[in-house]
Trainee: 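Take a look at the following structure, please.
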Amino acid sequence: MSLAKRIIPCLDVDNGRVVKGVQFVDIRDAGNPVDVARRYDEEGADEITFLDITASSDDRETIVHVVEEVANEVFIPLTVGGGIRTVDDVRRMLNAGADKVAINTAAVFNPEFVRQATDKVGSQCIVVAIDAKKVSMENEPLRWEIFTHGGRKATGLDAIAWAKKMVDYGAGEILLTSMDRDGTKIGFDLPLTRAISEAVSVPVIASGGVGTLEHLAAGVIDGLADAVLAASIFHFAEYSIQEAKQYMADRGIEMRL
Amino acid sequence: MSSTVVVVDYGMGNLRSVSKALEHVVSANQRVIISSDADEIANAERVVFPGQGAARDCMKQLKALQLDAVVLQAASEKPFLGICMGMQVLMAHSEENQGIDCMNLYAGNVCAFADESLRSTMQGLKIPHMGWNRVLHKQPHPLWHAIPDNNRFYFVHSYYVTPEDKMLMAGTTDYGINFTSVIASKNVFATQFHPEKSAHDGLQLLKNFCRWNGQV
């Protein structure tokens, strides 16, 4: 197999600025998405994901300009998520220069939206983001459900069945976040990642919980993920993307070095 | 008067990334334009033919905009770069959408990774083929200038071309099967991968294209 596994740094963008502090000593403006994206590109990031967390819908237009500016200068794949609710939103992001658009909550409330979007722009442009949380008890078989609102609201939807349904509806990729692990730095939920990856025919991006380089490797080796997404370990320059890729390659994973 | 690099706009997908990447690498006397105008395409110094989406929609759009003839004409006479769907529709026929007749510049089919006959070889491999994969050079070509053999480019696709004339194969890639990821013939070069999304080597390839005289 010569297809490389991917490392994807994720940037939260609020009103056009990168937040959750990116700390590079040698970067001019750590809040500027273009500067940060360029830096990640130079380090060898395989893709970049922007998550728009702008609260006010009046300010939603700013993310479009962010995507335009980044796409003018950074020539690797770009994914944009956050607040994507209509086919028009999808089109606007793609026209601005995004290669893929991640749909999350809107898919839960209106699964047909995923079908409409993939019909219009093609499966390869549509990522369905899934936020899952373990709901099984200690002595029960493992089970995860879809949660919305940052993991606060249960939907009753089984995560594996949901992932399969989204692929049936045309999703070209699944971005899987464990809400139990997100922000914990104790590693991906590997059984969840593996269960979803084995259940669907499309690539799966593992997300939520990365604290060490071994976590990234485990996501691929044990979780069977096709790509791994992380934020804080790269933003705070704990590790560079190059170091992460070299580590994974040393563990026997096919990487673009 | 400046010479133009025309990116053909037939309503299939986002052309912004392609044109921005080209703008990064063109010479001072070259100008990049996105166009769906037959005259502009006919008068271009060189033509980039991208594409995204389904074969059926691509062919429908090309015909609706009456651009099929002018694109074929360009492919017969000037430096011409097909990208992704812009490579696939150069073939005679695609298996996508229950079978679609394409532009028939080259004999051969466009086949699906998901085909039943590939079931055992593709086992465990995700479709679409998405990410950075190696491209093995099958013949020397000016567009490979300064690009090491077997380097990685960014792919996103579920179908692949199978040209009947094996001499057309300029690059191959492994994904379960070994498929033709680059076609080259005379003034035409066409890639299944996206040079505009393939970082340094992708930009180098576009730069090589912008300086190419269209001869091998």
Side-chain angles (χ1 to χ4, degrees), chain A residues 1-8 40-42 44-47 67-78 91-101 118-127 167 171-174 197-198 200-205 224-227 245 254-257, chain B residues 12-25 51-55 57-58 84-85 96 113-114 122-136 150-159 172-176 178 181 194-204 206:
Chain A
M1 249 307 288
S2 57
L3 178 67
K5 301 296 177 183
R6 291 167 279 153
I7 291 191
I8 308 173
Y40 280 135
D41 175 27
E42 284 163 11
D46 296 310
E47 291 182 27
V67 174
E68 279 176 358
E69 283 177 43
V70 172
N72 286 355
E73 296 194 40
V74 178
F75 300 103
I76 58 174
L78 306 174
R91 273 196 203 280
R92 253 206 329 279
M93 294 305 170
L94 295 178
N95 287 337
D99 298 280
K100 298 185 258 186
V101 175
T118 55
D119 229 42
K120 289 284 180 213
V121 302
S123 289
Q124 77 283 354
C125 298
I126 301 295
V127 183
V167 173
E173 196 171 34
I174 299 289
S197 192
E198 284 181 329
V200 299
S201 57
V202 302
V204 172
I205 305 168
L224 304 180
D226 301 281
K245 289 177 117 177
E254 187 86 28
M255 301 299 295
R256 177 178 74 108
L257 295 173
Chain B
M12 292 309 292
N14 156 46
L15 309 176
R16 189 186 167 88
S17 299
V18 180
S19 70
K20 289 293 170 188
L22 286 164
E23 281 170 17
H24 252 247
V25 298
Q52 206 176 52
D57 300 337
C58 283
C84 197
M85 267 322 279
E96 201 175 354
F113 282 124
M122 295 301 293
Q123 193 151 37
L125 295 181
K126 300 301 182 74
I127 301 169
H129 171 223
M130 185 187 288
W132 299 77
N133 207 340
R134 295 187 183 280
V135 176
L136 188 68
N150 224 14
N151 268 19
R152 293 181 187 278
F153 291 86
Y154 186 77
F155 289 84
V156 190
H157 63 124
S158 303
Y159 291 78
T172 59
T173 297
D174 280 322
Y175 194 62
N178 185 257
S181 49
H194 289 270
E196 78 281 11
K197 287 291 164 183
S198 295
H200 178 269
D201 285 335
L203 292 176
Q204 180 66 48
L206 293 175

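Chain identifiers are assigned alphabetically (A, B, ...) following the order of the sequence lines, protein sequences preceding nucleic acid strands; residue numbering begins at 1 within each chain. All values reported here derive from a predicted model rather than from experimental measurement.
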Trainee: Taking side chain as everything from C-beta outward and backbone as N, CA, C, O, which of these in A:Ala227 sits under 4.5 Å from a heavy atom of chain B? Side chain, backbone, both or neither.
Mentor: neither
Trainee: Which one, A:Glu47, A:Arg6, A:Glu198, leads in non-hydrogen pairs under 4.5 Å with chain B?
Mentor: A:Arg6
Trainee: Which atoms form the tightest heavy-atom contact between B:Trp132 and A:Pro77, and what is the distance?
Mentor: CZ2-CD, 4.1 Å
Trainee: Side chains of B:Tyr175 and A:Leu3: closer than 4.5 Å at any heavy-atom pair?
Mentor: yes
Trainee: In terms of heavy-atom pairs under 4.5 Å, which option from B:His200, B:Lys197, B:Glu196, B:Glu23 contacts chain A the most?
Mentor: B:Lys197
Trainee: Search all heavy atoms of A:Gln124 against all heavy atoms of B:Gly53 and return the closest pair with its distance.
Mentor: NE2-N, 3.7 Å
Trainee: Counting heavy-atom pairs under 4.5 Å with chain A, which one of B:Asp57, B:Leu15, B:Val156, B:Ile127 comes out on top?
Mentor: B:Ile127
Trainee: Where on B:Ala21 is there a heavy atom nearer than 4.5 Å to chain A: the side chain, the backbone, both, or neither?
Mentor: both
Trainee: Heavy-atom pairs under 4.5 Å with chain B are the metric here; pick the option from A:Asn95, A:Val200, A:Asp46 that has the most.
Mentor: A:Asp46
Trainee: With a 4.5 Å heavy-atom cut-off, do A:Ile76 and B:Tyr154 have their side chains touching?
Mentor: no
Trainee: Check A:Gly97 against B:Ser17 and note the closest heavy-atom contact, atom names and distance.
Mentor: O-OG, 3.7 Å
Trainee: Is B:His129 in contact with chain A via its backbone, its side chain, both, or neither, using a 4.5 Å heavy-atom distance?
Mentor: side chain
Trainee: If every non-hydrogen atom of B:His24 is compared with every non-hydrogen atom of A:Asn72, which pair is closest and at what distance?
Mentor: NE2-O, 3.7 Å
Trainee: So, for B:Ala199 and A:Arg256, which heavy atoms are closest and what is the spacing to 0.1 Å?
Mentor: CB-NH1, 4.1 Å
Trainee: Go through the steps to decide whether A:Glu254 and B:Arg152 satisfy the test side chain to side chain contact (heavy atoms under 4.5 Å, CB included), and finish with yes or no.
Mentor: CA-CA 11 Å; A:Glu254 187 86 28; B:Arg152 293 181 187 278; 2.5 Å; yes
Trainee: Shortest non-hydrogen contact from B:Met130 to A:Pro203?
Mentor: CB-CG, 4.1 Å
Trainee: So among A:Val202, A:Leu224, A:Asp226, which one has a side-chain contact (heavy atoms from CB on, under 4.5 Å) with B:Lys126?
Mentor: A:Asp226
Trainee: Give a yes-or-no answer on whether the side chains of B:Asp174 and A:Ser2 include a donor-acceptor pair shorter than 3.5 Å.
Mentor: no
Trainee: Can you tell me how far the CG atom of B:Asp201 sits from the CZ atom of A:Phe75, to the nearest 0.5 Å?
Mentor: 14.5 Å
Trainee: Please determine if A:Glu68 and B:Lys20 form a salt bridge, counting it only when a charged side-chain N lies under 4.0 Å from a carboxylate O.
Mentor: no
Trainee: Output the option from A:Ser123, A:Ala96, A:Gly122 having the highest count of non-hydrogen pairs under 4.5 Å with chain B.
Mentor: A:Ala96
